[in-house]
Amino acid sequence: MQRIRRQSSVNAGIIMIVLGALFIGILAAIFIYFFIKEQSMPPKEDDLDPVLVGGNGYYYYERSSNKDFFSSGLFLAPLLFLLPISAFCIGIGIWNIINGRRSNEVKAKGIKSTCLVKKVVRHIYYRRHMPKYSVELEYQGQSGEKHILSLYFNAYRFEDIKEGERYECLVYQDDCYFDIDNPVQIKDSDI
């Protein structure tokens, strides 16, 4: 049975969660600003409705209609924009922390093994002019089952990766860690 594993970083997860919390903070600041603004503004002349108080001829003016931020539905724009973005960032952050902790555990307790490059896909992003790679590495876990580790990285890390090559990796239980910064290629003569 092959399962696709991912490698990640705890620091990337923390950054994403902080970013999601920042968006929630911005959303809260927008609501607090408009709430305070509406409470402190005097009513407009066309928003006032005279109400007779007591029968002594004095009128008390109250707002008959409120066409401000909350009642006009304008509050839905930041809510519909920032809330999904913050939920996405927090979700990705939690995913990164879980996979990052797994990667750290494999780095600490893993034993050296070999990974076979099964698939290399080169993606070119024209804005940055830096190709990116998605690579699938096949490895054998300690249980004897084969699994696939899926990685994404920029070409500046190493550009010479080809299908069919073998690299050194760390395996712990059924998880794998591949050092993108210092890849060690295993030649056929080393096996």
Beyond-backbone contact of Glu145 with Gln140, side-chain heavy atoms, under 4.5 angstrom: no
Which pair of heavy atoms, one from Gln142 and one from Val171, lies closest together, and at what distance? NE2-O, 3.9 Å
Once rounded to the nearest 0.5 Å, what's the spacing between atom CZ of Phe23 and atom CZ of Phe88? 11.0 Å
Dump the intermediate steps for side chain to side chain contact (heavy atoms under 4.5 Å, CB included) on Ile24 and Ile90, then the final yes or no. CA-CA 10 Å; Ile24 290 175; Ile90 290 171; 4.0 Å; yes
Are side-chain N/O atoms of Arg102 and Asn99 paired as donor and acceptor at under 3.5 Å? yes
Side chain Tyr139, main chain Asp174, donor-acceptor under 3.5 Å: yes
Atom OG1 of Thr114 and atom CZ of Arg166: how far apart are they, to the nearest 0.5 Å? 5.0 Å
Cys115 to Leu137 - nearest heavy-atom pair and separation: CB-CB, 4.1 Å
How about Gln185 and Glu165: do any of their side-chain heavy atoms sit closer than 4.5 Å? yes
Geometric class of the Phe178/Tyr167 ring pair [parallel <30°, tilted 30-60°, perpendicular >60°]: perpendicular
Can you find a pair of side-chain heavy atoms, one from Val135 and one from Leu149, that are under 4.5 Å apart? no
Same apolar cluster: Ile85 and Phe31, side chain cutoff 4.5 Å: yes
Going through the distances and angles, do Leu82 and Ile30 end up as a side chain to side chain contact (heavy atoms under 4.5 Å, CB included)? CA-CA 11 Å; Leu82 290 176; Ile30 289 171; 4.2 Å; yes
Indicate the atoms forming the closest heavy-atom contact of Arg6 with Ser150, along with that distance. NH1-OG, 2.7 Å
Non-hydrogen side-chain atoms of Val120 and Tyr133 separated by less than 4.5 Å: yes
Are Leu79 and Leu19 grouped together when hydrophobic residues (ILVMFWY) are joined by side-chain heavy atoms under 4.5 angstrom apart? yes
Can you see which heavy atom on Cys176 is nearest to which on Gln7, and at what distance? O-OE1, 4.0 Å
Would you please test Ile161 and Val117 for side chain to side chain contact (heavy atoms under 4.5 Å, CB included) and show each step? CA-CA 8 Å; Ile161 191 164; Val117 179; 3.9 Å; yes
Do Ile180 and Leu151 come within less than 4.5 Å of each other through their side chains, counting heavy atoms only? yes
Decide whether Tyr152 and Val106 are clustered together by the hydrophobic rule: side chain heavy atoms of Ile, Leu, Val, Met, Phe, Trp, Tyr closer than 4.5 Å, transitively. no
Looking only at heavy atoms, the pair that brings Gly93 and Met16 closest together is CA-CB, 3.6 Å
Measuring from atom CD1 of Ile14 to atom OG of Ser9, what distance do you get when rounded to the nearest 0.5 angstrom? 8.0 Å
Following the transitive rule for hydrophobic clusters with a side-chain heavy-atom cut-off under 4.5 Å over Ile, Leu, Val, Met, Phe, Trp and Tyr, establish whether Ile15 and Leu22 coincide in one cluster. no
Cluster question for you: counting only ILVMFWY and a side-chain heavy-atom cut-off of under 4.5 Å, with indirect links fine, are Val121 and Ile148 together? no
Basic-acidic side-chain contact under 4.0 Å: Lys119, Glu163: no
Shortest non-hydrogen contact from Cys169 to Tyr177? CB-O, 3.4 Å
Heavy atoms, side chains only, cut-off 4.5 Å: are Ile92 and Ile17 in contact? no
Just how far is it from atom OG of Ser103 to atom CG of Asp179, taken to the nearest 0.5 Å? 11.0 Å
